[in-house]
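Note that ligands are numbered from 1 as they come in the structure, with each ligand's atoms numbered from 1 the same way.
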Amino acid sequence: MTRKFNFCAGPAALPTAVLERARAEMLDYQGRGLSVMEMSHRSDEFVAIAEKAEADLRELLEIPSNYRVLFMQGGASTQFAGVPLNLLGAGGSANYLYTGIWGKKAIKEAEHLAVGSHVAASSESNGLIAVPRQNAIQLSGDVGYLHYTANETIGGLEFDYIPEVAADGVPLVCDMSSSILSGPLDVSRFGVIYAGAQKNIGPAGLTLVIVREDLLDRARKDCPTMLNWKTAAEANSMFNTPPTYAWYLSGLVFEWLKDEVGGLAAMNAINDRKAQALYAAIDGSDFYSNPIVTENRSRMNVPFVLADDRLDKTFLAESEAAGLLNLAGHRSVGGMRASLYNAVPEAAVTALVDFMGDFARRHG
Ligand SMILES: *Cc1c(COP(=O)(O)O)cnc(C)c1O
């Protein structure tokens, strides 16, 4: 058996140590004689797994006690609707920072729900290569929340700062699907953070929502029960059957981050080194390029193009043959993209950089 280097944008690589542990516990979880997949979500065994996962996540992100952590389903895309439905019960306009494709989808969903939506700042005029600075953000007069996408997974554009919402009591809401847990975070700056699990947390099927408690009373009357954060909080995320196995596996990833990696400061340093190595290889060659301004280059998703796009197919075929998987850019933009999430080891980046150098020499 060989595990190759997987640069997939999502569902993404998981730590090998986590998969080995899951394999060891697969048929007989800690002597109970059954798999976690076969347990009642109300059993003592599973409730202990669920509580441990939440406690470890809280420790990693230092989540303050006045925040609830919800383990939901539906992906980040469902939360595009969940955000306005849970926050605009008293009216107000949905404000967005637009920096790429995922943010645009969030804006569209607010519009579906007939919420007045307002783009408070946009990267459109610079061609989506830099995030708007704080002084460019212009909230609407009746702002209900400000939403942004911390890291645009397709464009490879990442915020280098946390926006401020000057108005009192207005929550900052962040889609952190592709950057959560990539380094330390001041959760207290946010009203709501949400993330689909399949990039930097665990397997697909689980969606994390971290929400400040005082925001649980703002839902619209027509908010569906399964989308209602307060319902989920009151039921400890077990109003109905949660995605138990994805929850368990995410818990193993949190343990790995704590015990093997040594926490988010250590993870942050590793992620810096990985991204720097790849961007240096791109910038150091006329053969490859990435258009994003330096301070907003994503650490997690690195898109790049070849100077001659007729070589794209050859690049992808040869890289795959070299054991470097899933380097094709998103189908909407083409080119290449290497996703360097937490579970992608430094050795993978070294192998990719070596391959790119060799490919450029042979085809340049
Ligand atoms: C992948 C992704 C999404 C969509 O996530 P789903 O869980 O598939 O709905 C939304 N936002 C960002 C930033 C993403 O990377």
Problem set entry | Nearest protein heavy atom with distance in Å, relative to atom 11 (N) of ligand 1 | D175 OD2, 2.6 Å
Problem set entry | Closest contact, heavy atoms only, S319 versus F355 | N-CZ, 3.4 Å
Exercise. Under 4.0 Å from any heavy atom of N151, which atoms of ligand 1 are there?
Worked result: 13 (C)
Problem set entry | Element-labelled atoms of ligand 1 that are located less than 4.0 Å from some non-hydrogen atom of Q198 | 5 (O), 6 (P), 7 (O), 8 (O)
Exercise. Going by an N to O cut-off under 4.0 Å, is there a salt bridge joining K105 and E109?
Worked result: no
Problem set entry | Proximity of K199 to ligand 1 by residue part, where a heavy atom lies under 4.0 Å | side chain
Seminar exercise, completed: Within 4.0 Å of some non-hydrogen atom of F80, the atoms of ligand 1 are 10 (C)
Exercise. Ion pair present between E59 and K258, side-chain N to carboxylate O less than 4.0 angstrom?
Worked result: yes
Exercise. How far apart are the closest heavy atoms of L146 and V170, and which atoms are they?
Worked result: N-CG1, 4.3 Å
Problem set entry | Which atom of Q73 lies closest to which atom of T241, heavy atoms considered | NE2-O, 3.1 Å
Problem set entry | T149: numbered ligand 1 atoms lying under 4.0 Å from its heavy atoms | 13 (C)
Exercise. Can you list the atoms of ligand 1 that are under 4.0 Å from a heavy atom of T153?
Worked result: 12 (C), 13 (C), 14 (C), 15 (O)
Seminar exercise, completed: for atom 9 (O) of ligand 1, nearest protein heavy atom and its distance come out as S77 OG, 2.6 Å
Problem set entry | salt_bridge(R133, D160) N-O dist < 4.0 Å | yes
For this session: Considering only non-hydrogen protein atoms, determine which one is nearest to atom 5 (O) of ligand 1 and report residue, atom name and distance to 0.1 Å.
Result: A76 CB, 3.6 Å
For this session: Please check if any side-chain donor atom of Q79 sits under 3.5 Å from a side-chain acceptor atom of W229, or the reverse.
Result: yes
